[in-house]
S.K.: 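Sharing a structure with you now.
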Amino acid sequence: MRFWPYPGAVPRTELSNTTIADALEELGDLYELDGAIVHRVLAYRGAAKSVRDAPVSVAELAREGRAAELPGIGATLQEKIRALVEDGSIPAAEKLRAKFPAGLIAITRLPGLGPKRARLLYTELGVDSPRALREAAEQERLRTVRGLGPKLEERVLAALDETPEGPARPAPRMLLPRALELGEALVEGLERRGPKGTRVQLAGSVRRRADSVKDLDLVAVTTRPAALAKSLAELEEIESVGSAGTAGARGRTHSGVPVDLRIAKPAQLGNLLQHFTGSGEHNAALREAAVRRGLHVSEYGILDDATGKTRTCATEEEAYELVGLAYIEPELRENRGELDAAATGTLPELITLEDIRGDLHSHTIASDGHNTIGEMARAARDRGYEYLAITDHSASHGFGNDVSPGELGRQIELVHQANESIEGIELLAGSEVNILPDGSLDYDDELLRQLDWIIASMHTSFRMSEQAMTERMITAIEHPLVDAIGHPTGRLIQRREPYAIDLYAVYAAAARTGTMLEINANPDRRDLSDVQARAAATAGATILIDSDAHRIATLANMRWGVATARRAWLTKEQVANTRPWSEFTKLRKQQRK
DNA sequence: GCCGTTTTCGGCCCGACTGTTTTCAGTCG
């Protein structure tokens, strides 16, 4: 192993923010079972979120006694996190785990059952697992408990039929592109079939452009609410509608996605849209802040204690203004500091898709892409780009489609020829070079020097230790010819966790060496994530947004990367490929020498 | 458990729905 290369970093594997957040959530669940007041439980959940979203290593903060600098964490939680980091566990959690069987937490996740009822079932009936619960329900023993009845037995059995062990994980969510496509089809269908003049828009996590989405929220304005609610059932995408009235309708699509349509009076559209765009955490924090000003925010309006009157808002802008805030873009509504920024006028001016001037990661038929250099170049030019890097896979990609060292010279020549013959776009002969387990690259330096642009990525050996993985990555970052790191964590949304790596060390090394870190815009990746990209930029790293297109059509994936960048609070200035070619080219490592 | 242009103590977002109750607790978003 080589010398640990970065000053100030701790040469030992720290607990990740995710691990710490999970532990705090578990402790919150346990306290809830134990009958703690709801606000204490909420404090744990809030703290868990704060840790998960933190732009720095919370383990390191806790060792230094500084974790309480994070919102929602005070002296008590600072100490508990320190115990977890230094001693490996939190004493309070150990105690509660001994008190409540693990199966009880699974029971609280069943529909209709929360902590209160789970505890009741445990103390009254000795139910300590989803299996024991099924038995008790089948024997009609739930109804013997005061407050529970036959309806609940039915509901419990139905839920346990689907997941006999209890829902271990939350229901699977759709990725954003599919959710957006489905949502837009519903909007279009409702506007077409609904009463004339009906206007429908998407709210919820789709509007916030989250990585994935569990249901679709639609907000409509119409002259005939009952008729519009009824027309939801007529859409070809809709399988069934549970309830429909003048306030809206709920149903599900054939693909099993819950759909919630809410109908607003035009004068209240701003309130309703704001409420149903969420996030839940954003709304809760917004309302708490409003209460301090004597205002009570709901989906129907804003009640002012001073006048006793409720004011309604036709637009979201008005609603935010009434509580003393600047308008907050939907992508920022995650309670990650946007309320303070809106109160002090320090919200960032977010990057837009139109700001993007080039794409530095694309594939052609030379590796696993589906179009030629010329086709990709013209499509990029048609998107208004000034530059495009052709970055086919290097020799050891390992999936059969790659550019061997012997072929690379020819590939470079082809790109340069295309660059000569195609007007209006600068083509870079690049490569997506593999980072080998020891951190070296799989073309030798002599070959690499012939390239205009090098993006280095990991495609194999994901299971190395965190320290080894971090050293591997930093070795690549420090390579004098590597311009950028592609999909830095290797995650696949909903399918593969990031590999173990110390991202804070990665950000620092990238900032120090001027190596760009990619937000890969492939909607399965969006890697770096929103939280990570924000932390990377905060650490001084330059961000790059790439489509990683494997065909002409997927050049358009850029939009998902921009969505992630917006959720990361990034401005145009923080993203390298918003620069015109004359400025961008100076950021390349070979040009900076 | 956190936190402070009403507070270092006493608050802590809002509303709907459900099923079980005789006025409401628990759950959900």
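All values below were derived from every heavy atom in this structure, side-chain atoms included, with hydrogens, water molecules and symmetry-related copies excluded. Throughout, protein chains are lettered first and strands after them, A, B, ... in sequence-line order, and every chain is numbered starting at 1. Note that the structure is predicted; figures quoted are calculated from it, not measured.
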S.K.: Base, sugar-phosphate alone, or nothing: which one does A/L42 contact when heavy atoms must sit under 4.0 Å apart?
M.R.: nothing

S.K.: Examine B/dG29: is either OP1 or OP2 under 4.0 Å from a nitrogen or oxygen in the side chain of A/K214? Give yes or no.
M.R.: no

S.K.: Contact class for A/R40 (heavy atom, under 4.0 Å): base, sugar-phosphate, or nothing?
M.R.: base

S.K.: Tell me: CZ of A/R173 to C1' of B/dG29, nearest whole Å?
M.R.: 13 Å

S.K.: Hey, can you tell me if A/Y320 and A/Y327 have their rings parallel, tilted or perpendicular (30° and 60° cut-offs)?
M.R.: perpendicular

S.K.: Salt-bridged, A/R45 to A/E25, with N to O below 4.0 Å?
M.R.: no

S.K.: Using whole Å, what does the distance between atom P of nucleotide B/dC28 and atom CG of A/D260 come to?
M.R.: 16 Å

S.K.: When we call it a touch if two heavy atoms are under 4.0 Å apart, what does A/G112 touch: a base, just sugar-phosphate, or nothing?
M.R.: sugar-phosphate

S.K.: Measure from the side chain of A/E299, starting at C-beta and using heavy atoms only, and say which of B/dT22, B/dC2, B/dG15 lies closest.
M.R.: B/dG15

S.K.: Look at the side chain of A/S298 and decide which nucleotide, out of B/dT27, B/dC14, B/dT20, has an atom nearest to it.
M.R.: B/dC14

S.K.: Suppose you measure atom P in B/dT27 against the same atom in B/dT21; what distance do you get, rounded to whole Å?
M.R.: 15 Å

S.K.: Could you state the atom-to-atom distance from CD of A/E69 to C1' of B/dC2 in whole Å?
M.R.: 16 Å

S.K.: Using the P atoms only, state how far B/dT22 lies from B/dG26, rounded to an integer number of Å.
M.R.: 13 Å

S.K.: Applying a 4.0 Å non-hydrogen cut-off, can you work out what A/R293 is touching in the nucleic acid: base, sugar-phosphate, or nothing?
M.R.: nothing

S.K.: Is it true that A/R534 and A/E331 have a side-chain N and a carboxylate O under 4.0 angstrom from each other?
M.R.: no

S.K.: Considering only side-chain heavy atoms of A/K151, which listed nucleotide, B/dG19, B/dT27, B/dC2, is closest?
M.R.: B/dG19

S.K.: What's the CZ-P distance between A/R262 and B/dG15, to the nearest Å?
M.R.: 12 Å

S.K.: Determine the interatomic distance between P on B/dG11 and the same-named atom on B/dT18; round to the nearest Å.
M.R.: 33 Å

S.K.: Report the nucleotide, chosen from B/dT27, B/dG1, B/dG29, that has the shortest atom-to-atom distance to any side-chain atom of A/H39.
M.R.: B/dG1

S.K.: Distance check, rounded to the nearest 0.5 Å: A/L142 atom CG versus A/L125 atom CG?
M.R.: 6.5 Å

S.K.: Determine the Euclidean distance between corresponding C1' atoms of B/dG10 and B/dT6; express it in Å to zero decimal places.
M.R.: 12 Å

S.K.: Among the candidates B/dC14, B/dT27, B/dC12, find the nucleotide nearest to the side-chain atoms of A/R287.
M.R.: B/dC14

S.K.: Look at all strands and tell whether A/P150 reaches a base, only sugar-phosphate, or nothing, counting heavy atoms closer than 4.0 Å.
M.R.: sugar-phosphate

S.K.: Give the rounded distance in Å between these two atoms: CZ of A/R109 and P of B/dC28.
M.R.: 11 Å

S.K.: Side chains of A/E329 and A/R566: does their closest heavy-atom pair fall under 4.5 Å?
M.R.: yes

S.K.: Under a 3.5 Å limit for both distances, which nucleotide forms a Watson-Crick or G-U wobble pair with B/dT8, could you say?
M.R.: none

S.K.: Could you say whether A/N283 or A/R292 is positioned toward the 5' end of DNA chain B, judged by the nucleotide with the nearest heavy atom to each?
M.R.: A/R292

S.K.: How long is the line joining CG of A/L148 and C1' of B/dC24, in whole Å?
M.R.: 14 Å

S.K.: Could you pick out which residue, A/P115 or A/Q78, lies toward the 5' side of DNA chain B when each is mapped onto its nearest nucleotide?
M.R.: A/Q78

S.K.: Measure from the side chain of A/T76, starting at C-beta and using heavy atoms only, and say which of B/dC28, B/dG1, B/dT27 lies closest.
M.R.: B/dG1

S.K.: Report which part of the nucleic acid A/Y31 touches: base, sugar-phosphate, or nothing (heavy-atom distance under 4.0 Å, all strands).
M.R.: sugar-phosphate

S.K.: Give the rounded distance in Å between these two atoms: CZ of A/R143 and C1' of B/dT21.
M.R.: 17 Å

S.K.: Any side-chain heavy-atom pair from A/T108 and A/E32 closer than 4.5 angstrom?
M.R.: no

S.K.: Do A/R119 and A/E124 meet the salt-bridge criterion of a basic N to acidic O distance under 4.0 Å?
M.R.: no

S.K.: At less than 4.0 Å, is any side-chain N or O atom of A/H296 found next to OP1 or OP2 of B/dC14? Yes or no.
M.R.: yes

S.K.: Touch check for A/V41, heavy atoms < 4.0 angstrom, all strands: base, sugar-phosphate only, or nothing?
M.R.: nothing

S.K.: Give the nucleotide from the list B/dG26, B/dT22, B/dG29 with an atom nearest to the side chain of A/H275.
M.R.: B/dG29

S.K.: Taking the side chain of A/I37 as its heavy atoms from C-beta onward, which of B/dT22, B/dC12, B/dC2 lies nearest to it?
M.R.: B/dC12

S.K.: Respond yes when some side-chain nitrogen or oxygen of A/Y300 is under 4.0 Å from OP1 or OP2 of B/dG15, and no when none is.
M.R.: no

S.K.: Report the distance from atom CD of A/Q274 to atom P of B/dC14, rounded to the nearest whole Å.
M.R.: 13 Å

